[in-house]
Chemist: 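If you scroll down you'll find the structure; I have some questions about it.
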Amino acid sequence: MNIPYTFSILTAWLILNMAACGSSQQAGYAEDETFSTENVPVFNADSAYHYVKSQVDFGPRVPNTEAHQACGDYLIQQLEKFGAKLYVQQASVSSYDGKLLNARNIIGAFNPESKKRVALFSHWDSRPWADNDPDPQKHFTPILGANDGASGVGILMEVARQLQQQAPSIGVDIIFFDAEDYGTHRDYNGEHKEEHWCLGSQYWARNPHIQGYSARYGILLDMVGGKDATFKYEYYSEMYAKDVNRKVWRTADKLGFGRYFKKQDGGGATDDHLFVNKLAHIPTIDIIATSDQYSFFEHWHTVRDDMDAIDRQTLQAVGQTLLQVIYSEK
Ligand code: AHN
Ligand code: ZN
């Protein structure tokens, strides 16, 4: 065997191997893994919509307000009603402007005995200021956060209802973070730091509800109810949990939701998953709406983030994809 011949065979083998390897890694799991919608419950978007509206009906869920307290109580009651084992984490966290916020992370554990777990996250507070509103007069008006906050919680509440009706093979933790959206006001003259956001998740990641808590992976929902929303591979999700991203996007595609879940790189979001990844070391993705025109969704941090911004079809796409992922875990 002469040297050039060996070289070319080797090169060809390497190239073929790399290509094959690249595609199977991209898919997150082998191409021939069976995909079946059998034994996966049907997500009810009307039900999810109702859970979104119930939160919004309390008004802006800004920490240290009555509406916030009342909505937190409602979320606890609902998760209890669905048979979850409840953990309520009370934390006093400080905001960038030196306020002490009474925060509660609300956690519902399903099948708490199982060691095989998946964590699902969303934030339940809403932003105190519409500081991205086109009308500067509104920059200190609190927002309803129908999409930014309530949509993810609404979907997870419907997931919780399904978990009670039909148990999957694994344990699921539904975790509602507080005080995500109290980050620096756009007019703030001091330093804008990522640690100013996501106060509830930072607390939880340092003090999990169960000592040494872990999960196979986590999925964060943020702004998952907007009409014609598009979800792209978010930067930190790719960095910390690429295979989870691929698994979820592939699942969505197979269910026919490819028009929502675009297999493209999106920007980065300083969101709860960042701290879950960095501090709790649970590989976690963020399903977050992004658009080419706006940084996130059109009415992000504006007074128009109300129920009119919510579309049942988007809730359906995200909710059914989540159920498919959860009930496929063995
Ligand atoms: C930023 O990246 C500044 N914010 C994303 C986190 C967020 C705020 N999600 C909803 N509101
Ligand atoms: Zn926000």
Chemist: I'd like to check Ile287 versus Phe261 (side-chain heavy atoms, cut-off strictly below 4.5 Å). Are they in contact?
Modeler: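 Of all side-chain heavy-atom pairs linking Phe261 with Ile287, at least one is under 4.5 Å.
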Chemist: Would a 4.5 Å heavy-atom cut-off, applied to side chains only, mark Tyr87 and Asn105 as touching?
Modeler: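 No; the side chains remain at least 4.5 Å from each other.
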Chemist: Between Asp305 (side chain only) and His301 (backbone N and O only), is there a donor and an acceptor less than 3.5 Å apart?
Modeler: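 Answer holds: no.
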Chemist: Has Asp187 got more than 12 heavy atoms of other residues, nucleotides or ligands less than 6.0 Å from its CG?
Modeler: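 Check passes, neighbour count above 12.
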Chemist: Check this for me, if you would: do Arg216 and Glu329 make a salt bridge, where the nitrogen-to-carboxylate-oxygen distance has to be below 4.0 angstrom?
Modeler: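 A salt bridge links Arg216 with Glu329.
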Chemist: Step by step, would you call Leu75 with Val153 a side chain to side chain contact (heavy atoms under 4.5 Å, CB included)?
Modeler: CA-CA 9 Å; Leu75 298 176; Val153 172; 3.8 Å; yes
Chemist: State whether Tyr49 and Arg312 meet the cation-pi test: NZ (Lys) or CZ (Arg) under 6.0 Å from the six-membered ring centroid, and within 45° of the perpendicular axis.
Modeler: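 Yes.
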Chemist: Atom CG of Leu156 and atom CG of Leu322: how far apart are they, to the nearest 0.5 Å?
Modeler: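 Result: 6.5 Å between the selected atoms.
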Chemist: Hey, do the aromatic rings of His196 and Tyr182 have their centres closer than 6.0 Å?
Modeler: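 No, the ring of His196 stays outside the 6.0 Å limit from the ring of Tyr182, centre to centre.
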Chemist: Between Trp249 (side chain) and Phe231 (backbone), is there a donor-acceptor pair under 3.5 Å?
Modeler: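 Checking the backbone N and O of Phe231 against the side chain of Trp249, a donor-acceptor pair under 3.5 Å is found.
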Chemist: Gln162 side chain to Val42 main-chain N or O, any donor-acceptor pair under 3.5 Å?
Modeler: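 Answer holds: yes.
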Chemist: Between Arg250 and Asp253, does any NZ, NE, NH1 or NH2 come within less than 4.0 Å of an OD or OE carboxylate oxygen?
Modeler: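 Answer for the salt bridge query: no.
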Chemist: Looking at Asp133 and Arg304, is there a salt bridge between them, counting it only when a charged N and a carboxylate O are closer than 4.0 Å?
Modeler: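 Result for this pair is no, no salt bridge flagged.
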Chemist: Is it true that Glu194 and Lys278 have a side-chain N and a carboxylate O under 4.0 angstrom from each other?
Modeler: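 Here Glu194 pairs with Lys278 in a salt bridge, since their nearest N and O are under 4.0 Å apart.
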Chemist: Please report the interatomic distance NE2(His68) to CZ(Arg61), rounded to the nearest 0.5 Å.
Modeler: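 One finds 9.0 Å between NE2 of His68 and CZ of Arg61.
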Chemist: Could you tell me whether Arg246 sits above the aromatic face of Tyr233, with NZ or CZ closer than 6.0 angstrom to the six-membered ring centre and within 45 degrees of the axis?
Modeler: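 Here Arg246 passes the 6.0 Å and 45° test against Tyr233.
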Chemist: What distance do Gln55 atom CD and Trp124 atom CH2 have between them, rounded to the nearest 0.5 Å?
Modeler: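 Rounded to the nearest 0.5 Å, the CD-CH2 separation comes out at 9.5 Å.
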Chemist: Within this structure, what is the CD1-OH distance for the pair Ile285 and Tyr240, rounded to the nearest 0.5 Å?
Modeler: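 Those atoms lie 15.5 Å apart.
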Chemist: Hey, would you say the Phe121 and Trp204 ring centroids sit under 6.0 Å apart?
Modeler: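 That pair passes the under 6.0 Å test.
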Chemist: Would you indicate whether Lys263, at its atom NZ, is surrounded by more than 12 heavy atoms from other residues, nucleotides or ligands within a distance under 6.0 Å?
Modeler: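 More than 12 within 6.0 Å, yes.
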Chemist: In the structure I gave you, are the side-chain heavy atoms of Arg117 and Ile170 within less than 4.5 Å of one another anywhere?
Modeler: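 No. Closest side-chain heavy atoms not under 4.5 Å.
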Chemist: Can you find a pair of side-chain heavy atoms, one from Asn44 and one from Glu158, that are under 4.5 Å apart?
Modeler: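 They are in side-chain contact.
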Chemist: Under a 4.0 Å threshold between the charged nitrogen and the carboxylate oxygen, would Asp148 count as salt-bridged to Arg127?
Modeler: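 Answer for the salt bridge query: no.
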Chemist: Drop me the distance from Leu255's CG to Gln316's CD, to the nearest 0.5 angstrom.
Modeler: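 Reported value, rounded in 0.5 Å steps: 10.0 Å.
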Chemist: Can Lys53 and Asp57 be counted as an ion pair, charged N to O under 4.0 angstrom?
Modeler: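 Looking at Lys53 and Asp57, the cut-off is met.
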Chemist: Taking the side chain from Ser122 and the backbone from Leu221, do they hold a donor-acceptor pair closer than 3.5 Å?
Modeler: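 Pair found, side chain donor or acceptor close to backbone of Leu221.
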Chemist: Within a 6.0 Å radius of atom OH on Tyr235, are there more than 12 heavy atoms belonging to other residues, nucleotides or ligands?
Modeler: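 No, OH of Tyr235 has 12 or fewer neighbouring heavy atoms, counting only those of other groups under 6.0 Å.
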Chemist: Quick check on Gln165: does its CD atom have over 12 non-hydrogen neighbours (other residues, nucleotides or ligands) under 6.0 Å away?
Modeler: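 Yes, CD of Gln165 has more than 12 neighbouring heavy atoms, counting only those of other groups under 6.0 Å.
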Chemist: Please say yes or no: joined through hydrophobic side-chain contacts below 4.5 Å, possibly via intermediate residues, are Ile175 and Val93 part of one cluster?
Modeler: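 Per the 4.5 Å side-chain linkage, Ile175 and Val93 are not co-clustered.
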Chemist: Taking the basic N atoms (NZ, or NE/NH1/NH2) and the acidic carboxylate oxygens, is any pair closer than 4.0 Å for Asp73 and Arg104?
Modeler: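 A salt bridge is present here (some side-chain N lies under 4.0 Å from a carboxylate O).
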Chemist: Rounded at 0.5 Å granularity, tell me how far NE2 in His273 sits from CD1 in Ile288.
Modeler: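 The CD1 atom of Ile288 is 7.5 Å from NE2 of His273, to the nearest 0.5 Å.
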Chemist: When you measure from the side chain of Tyr96 to the backbone of Glu195, do you find a donor-acceptor pair of N or O atoms at a distance under 3.5 Å?
Modeler: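 Not at all, since once roles are kept as given, no pair shorter than 3.5 Å links the two residues.
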Chemist: Distance-only, no hydrogens or angles: does the Asp178 side chain make a donor-acceptor pair with backbone N or O of Gly72 under 3.5 Å?
Modeler: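 Looks like no, no N/O pair under 3.5 Å.
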